[in-house]
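To keep things clear, I will list the structure first and then write my remarks on it.
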There are 2 protein chains.
Amino acid sequence: MGKAMGLRERKKLEAWRSIRECALRLISERGFDAVSVEEIAEEANVSRTTFFNYFSCKEAVVFDPDPLETQFWQDLLASRPDDEPLWDALTGILLGYVTQFGDRLAIHKRLKTESPAVAASARGAGDHFQAELRAWVTARTPAGSELDAQLMLNTATAAIGTALTLWKPTEPFEDFLDLARTCLHKAGSGLAALPV
Amino acid sequence: MGKAMGLRERKKLEAWRSIRECALRLISERGFDAVSVEEIAEEANVSRTTFFNYFSCKEAVVFDPDPLETQFWQDLLASRPDDEPLWDALTGILLGYVTQFGDRLAIHKRLKTESPAVAASARGAGDHFQAELRAWVTARTPAGSELDAQLMLNTATAAIGTALTLWKPTEPFEDFLDLARTCLHKAGSGLAALPV
DNA sequence: CAGGGATCTTGGACCGAGTACAAGCTTTGG
DNA sequence: CCAAAGCTTGTACTCGGTCCAAGATCCCTG
């Protein structure tokens with residue numbers, strides 16, 4: 001992919017990244033609420049209307065995934081063998097995800113602790129990966145095992161969330177991964193053996 | 001309490017409940033987005049400004065707890081003996097909560113599935129109980145056990161969330177409670193024995 | 001390479017949520 | 001009964017978000 005992109009598509013991607021970049025810069029300088037969409041648009045040499053063509057709301061400019069990111073998820077999900085126990089697959093996927101996008105998660109965490117309002121919409125509008133993961137789980141859940149499957153998914157996610165809140169961005173990133181592994185292992189100790 | 005309330009306080013409570021009541025009626029008739037704050041205020045014979053004196057945002061009128069509700073939590077939290085294992089306390093508290101406010105949870109669920117935007121702010125601005133529970137947990141967590149404690153809390157919450165998404169409002173409420181018990185038990189099977 | 005259709009950008013008008021504030025009204029307590 | 005404290009209200013404003021029509025840009029086919 002990425003080869004046969006016409007001028008139009010290239011410009012779109014460029015505009016997307018320019019807006020995102022400007023937005024992150026301004027926001028990390030001044031804070032989310034102190035930067036208006038108008039300013040971001042102006043900084044990116046784009047009209048306010050166009051901003052909303054690219055991002056469905058102000059929060060999205062922080063939390064939407066880069067177009068290439070989604071490719072990474074899909075590979076991550078597709079790479080798990082069909083007969084792997086769900087819990088193992090989930091831990092593998094989530095650890096792979098945080099390994100790749102931990103830096104981004106750290107930014108998100110900072111923003112969330114700064115402003116709870118941002119955090120709110122973050123969970124709702126933001127986490128496309130979580131939505132995709134959820135879909136993936138339900139798709140590979142055999143009838144009758146919905147409860148166990150959903151429970152595993154939610155528990156694993158909760159474990160990652162726990163690791164994220166306990167980790168301090170000043171500590172080395174490896175610590176976060178260790179923490180995540182520990183949380184997943186502990187939380188899953190009663191679940192991992194279930195036949196899903 | 002409730003006895004020595006002056007005229008002023010009584011009027012405030014009355015206004016609060018009037019606004020809430022009108023809001024819930026209009027919203028359940030027409031949907032969240034189709035009702036403006038102005039309409040709610042008008043319906044409750046109150047100015048728009050006053051609405052925002054009582055509720056910090058539009059979502060709050062749906063998700064804020066009734067002043068009496070908070071009393072119930074506090075009793076619930078205070079009623080657990082200090083030396084009870086954390087997991088047992090958590091399941092007891094959460095089951096007590098959903099038993100009492102299950103109806104409200106069902107309304108919330110309906111609203112959330114209707115409009116994701118509402119769901120977003122619901123999690124952030126809405127769940128005062130969860131915040132209180134979180135504070136209660138951290139307060140009684142001995143130093144060194146933070147990880148296990150947070151993990152239990154998040155896992156237990158995830159279990160309730162799972163039960164809530166799996167339950168259909170058409171089914172009897174007892175089913176929901178059974179489901180919640182099952183989820184808690186399964187999710188906690190590896191955690192319950194930890195010494196916290 | 002010309003030109004018509006598809007797509008994207010833009011400005012302007014508009015709506016609703018949320019904030020700030022000054023002015024007026026009601027409760028309270030002395 | 002009166003003054004201070006507390007609430008309510010209208011007004012005016014900012015900002016996020018939507019809608020739309022007009023213009024610019026790209027793409028594709030003849």
Side-chain angles (χ1 to χ4, degrees), chain A residues 3-20 22-23 26-27 30-64 67 111 115-122 124-126, chain B residues 3-20 22-23 26-27 30-64 67 111 115-122 124-126:
Chain A
K3 278 295 184 60
M5 277 204 300
L7 174 56
R8 191 159 239 155
E9 271 183 287
R10 270 184 285 126
K11 279 201 170 182
K12 270 192 90 163
L13 185 56
E14 190 187 357
W16 190 97
R17 291 199 166 134
S18 163
I19 297 174
R20 153 92 102 200
C22 296
L26 292 178
I27 288 175
R30 265 185 277 162
F32 188 83
D33 294 327
V35 179
S36 72
V37 170
E38 200 141 15
E39 287 174 292
I40 298 171
E42 195 174 344
E43 188 82 6
N45 292 313
V46 138
S47 80
R48 215 176 71 96
T49 309
T50 297
F51 176 95
F52 285 109
N53 280 349
Y54 284 91
F55 299 96
S56 64
C57 63
K58 191 186 175 187
E59 285 80 13
V61 81
V62 179
F63 294 101
D64 272 7
L111 278 181
S115 136
V118 183
S121 6
Chain B
K3 278 295 184 60
M5 276 204 299
L7 174 55
R8 191 158 241 157
E9 271 183 288
R10 269 185 286 128
K11 278 200 170 182
K12 269 192 90 164
L13 184 56
E14 190 187 357
W16 190 97
R17 290 202 167 129
S18 164
I19 298 174
R20 153 92 101 201
C22 294
L26 292 178
I27 287 175
R30 266 186 275 162
F32 188 83
D33 294 327
V35 179
S36 72
V37 170
E38 199 142 15
E39 286 174 294
I40 298 172
E42 194 174 344
E43 188 81 5
N45 291 313
V46 137
S47 82
R48 215 176 73 96
T49 309
T50 297
F51 176 95
F52 285 109
N53 280 349
Y54 283 91
F55 300 96
S56 64
C57 62
K58 192 186 174 186
E59 285 80 12
V61 81
V62 179
F63 294 101
D64 272 7
L111 277 181
S115 137
V118 183
S121 6

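All chains are named by letter (A, B, ...) in the order of the sequence lines, taking the proteins before the strands, and each is independently numbered beginning at 1. None of the values given here were measured: they were computed from a predicted structure.
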Contacts of type side chain to side chain donor-acceptor pair (under 3.5 Å), residue [X], not counting sequence neighbours:
| X | value |
| --- | --- |
| B/Ser47 | B/Thr50 |
| A/Glu38 | none |
| A/Arg30 | A/Glu39 |

Rounded distance in Å - [atom1] ([X]) to [atom2] ([N]):
| X | N | atom1 | atom2 | value |
| --- | --- | --- | --- | --- |
| A/Asn53 | D/dT25 | CG | P | 16 Å |
| A/Lys58 | D/dC15 | NZ | P | 9 Å |
| B/Phe52 | D/dT9 | CZ | C1' | 14 Å |
| B/Trp16 | D/dC7 | CH2 | P | 17 Å |
| A/Ile27 | D/dC15 | CD1 | C1' | 14 Å |
| B/Glu14 | D/dT8 | CD | P | 12 Å |

Approximate separation, where rounding is to 0.5 Å, of [X] [atom1] and [Y] [atom2]:
| X | Y | atom1 | atom2 | value |
| --- | --- | --- | --- | --- |
| A/Phe63 | A/Ser56 | CZ | OG | 12.5 Å |
| B/Glu14 | B/Leu7 | CD | CG | 9.5 Å |
| B/Asn53 | B/Lys12 | CG | NZ | 8.0 Å |
| B/Glu42 | B/Ile40 | CD | CD1 | 11.5 Å |
| A/Ser18 | A/Leu13 | OG | CG | 11.0 Å |

Map A/Lys11 and B/Lys11 onto DNA chain D by nearest heavy atom, then report which one ends up closer to the 5' terminus.
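Closer to the 5' end of DNA chain D: B/Lys11.
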Whichever of A/Arg8 and B/Phe51 has its nearest DNA chain C nucleotide further upstream toward 5'
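With A/Arg8 and B/Phe51 compared, the 5'-side residue is A/Arg8.
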Which is more 5' along DNA chain C, the nucleotide nearest A/Arg48 or the one nearest B/Leu7? Just name the residue.
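In this pair, the answer is A/Arg48.
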Interface limits on DNA chain C, where chain A has a heavy atom under 4.0 Å of a nucleotide atom
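Contact span on the strand: C/dA6 to C/dG12.
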Under the ring-ring contact (aromatic ring centres under 6.0 Å, His included) test, residues paired with B/Phe51 that sit two or more places apart:
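Partners of B/Phe51 under the ring-ring contact (aromatic ring centres under 6.0 Å, His included) test: B/Phe55.
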With sugar-phosphate meaning primed atoms plus P, OP1 and OP2, does A/Phe55 contact a base, only sugar-phosphate, or nothing at under 4.0 Å between heavy atoms?
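Nothing, no heavy atom under 4.0 Å.
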Can you list, by residue number, the residues of residues 35-47 of chain A that have a non-hydrogen atom closer than 4.0 angstrom to DNA chain D?
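Only A/Val35, A/Ser36, A/Val37 qualify.
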